[in-house]
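Heads up, the thing below is written out as C-alpha cells.
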Amino acid sequence: MQRERVADDIYVFTSELYAQVTAGAVLTPEGAILIDTLVFPEESRAIRNFLENRLSCPVRYVINTHYHADHTYGTCFFPDAQVVAHARCYELLDTRGRAGLMAAQQSTGELRDVEVVLPHLVFETGTLSIHLGNKTVELWHSPGHSPDSIVCLVKEDRVLFAADTLMPLPYFVDGNYDDFIESLNALRNSGYENVVQGHGEVVLRGEVEEVIQANLSYLNIIRRHAQQIVDGKLPIDTLNDLTIEACGKSRIPLNGLVQELHLANLRALYDELLSRPAEEHRSILV
Ligand SMILES: [Zn+2]
C-alpha cells in the first residue's frame with residue numbers, strides 16, 4: 001500500500017493489491033475521519049496501525065462512499081467508528097453487499113475475517129456535514145458510478161474525495177449514464193486544491209477541470225457511437241470498433257483494467273439505448 005500526504009492533515013492510501021483503489025484519512029485533534037477502507041484486511045489493518053498506533057489518532061468516523069467491496073470491506077476493522085453513508089448504501093450493503101461477500105469468501109481465503117458493517121448514520125438528500133476537531137467534511141450524493149455514490153469535501157483544505165465519480169475511466173455499469181454526467185458537471189469550477197480519485201493518482205489543482213472535461217468527453221463519444229449502432233441496426237460486435245484511445249483515453253491506467261471497463265460501458269450503453277422507447281429515443285437526437 002502506498003501512502004501520501006496531500007495536505008498537512010490529510011493522507012491518501014492507495015492499494016497495491018486491488019486496482020489502485022484509494023482510502024483517505026483526515027486527522028484532527030479529536031481523532032480521524034476515514035474515507036473508504038480498501039478491500040484486503042492486510043491493507044485495512046495497516047491503515048489502522050498507522051493512524052491509531054503510529055499517529056495516536058483513533059478513527060472516529062468511517063465514511064463509505066458507496067457499497068462496492070473495494071471501498072467497504074475494511075470497515076469491519078474499525079469497530080469503534082461511526083459509519084456514515086448514503087441511505088441507498090445501507091440498502092445495497094444489506095442485500096448485494098452481503099451476497100457478494102459470501103461469494104468472494106468462497107474463492108478468496110484472505111477475506112474470511114471480513115464482515116458487512118451497515119452504516120450507523122445515513123442521509124438521503126442535500127448535504128451532510130461532519131464536524132470533528134478543527135475539520136468539516138461535507139458529503140453529498142453523486143450517483144452515476146453506483147446509485148449510492150457520494151463525494152466528500154474537506155472544507156478547510158478544499159480537498160475533494162471524489163470516490164468513483166472520478167477515476168481514470170468513468171464506469172457506470174452498476175449505475176446510470178445520465179446521472180454520471182450530472183454528477184461530473186456538479187464538480188466543475190469548484191476550485192478544489194486536490195481531488196482524490198477512487199482509483200489511481202491524486203489529481204492536482206491545475207489538472208482538475210481538464211480531467212473532468214476529458215471524462216465528460218469520453219462519455220459523449222461512447223454515447224454517439226452506441227447510438228449510431230442502435231440506429232443503424234449494426235451488429236453488436238461493431239461496438240468494439242471504438243478503441244479507448246479514440247475516446248481520448250489511455251488503456252494503460254489500473255494495469256490495463258480500464259480496457260475491460262470501456263468494453264463493459266459500451267455494452268451497457270447499447271443495451272440501455274436499445275431498450276428505450278422509440279419516442280424518447282428520438283428526443284435524444286434533437
Ligand atoms: Zn471502486
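Ligands are counted one by one from 1 in listed order, and the atoms in each one are counted from 1 as well. For the numbers below, each heavy atom of this structure counts, side chains included, while hydrogens, waters and symmetry mates do not. Note that the structure is a prediction, hence the values are computed from the model and not measured.
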> N/O/S atom of His68 under 2.8 Å from the Zn ion (ligand 1), yes or no?
Replying inline: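 No, since none of the N, O or S atoms of His68 sits under 2.8 Å from the Zn ion (ligand 1).
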> What do the steps show when you test Tyr90 against Tyr67 for ring-ring contact (aromatic ring centres under 6.0 Å, His included), and what is the final call?
Replying inline: CA-CA 8 Å; Tyr90 185 105; Tyr67 78 100; over 10 Å; no
> How wide is the angle at the Zn ion (ligand 1) between OD2 of Asp70 and NE2 of His71, to the nearest 10°?
Replying inline: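 It rounds to 90°.
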> Below 6.0 angstrom between ring centroids: does that apply to His66 and His86?
Replying inline: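 Distance test on ring centres: not under 6.0 Å, no.
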> Taking the six-membered ring for Trp, are the ring centroids of His141 and Phe123 within less than 6.0 Å of each other?
Replying inline: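 No - the distance between ring centres of His141 and Phe123 does not fall below the 6.0 Å cut-off.
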> Which is the closest N/O/S atom of Asp164 when seen from the Zn ion (ligand 1)?
Replying inline: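 The Asp164 atom nearest to the Zn ion (ligand 1), restricting to N, O or S, is OD2.
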>> Under 3.5 Å, is there a donor on one side chain and an acceptor on the other for His71 and Asp164?
In response: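 Indeed, the side chains of His71 and Asp164 share at least one donor-acceptor pair under 3.5 Å.
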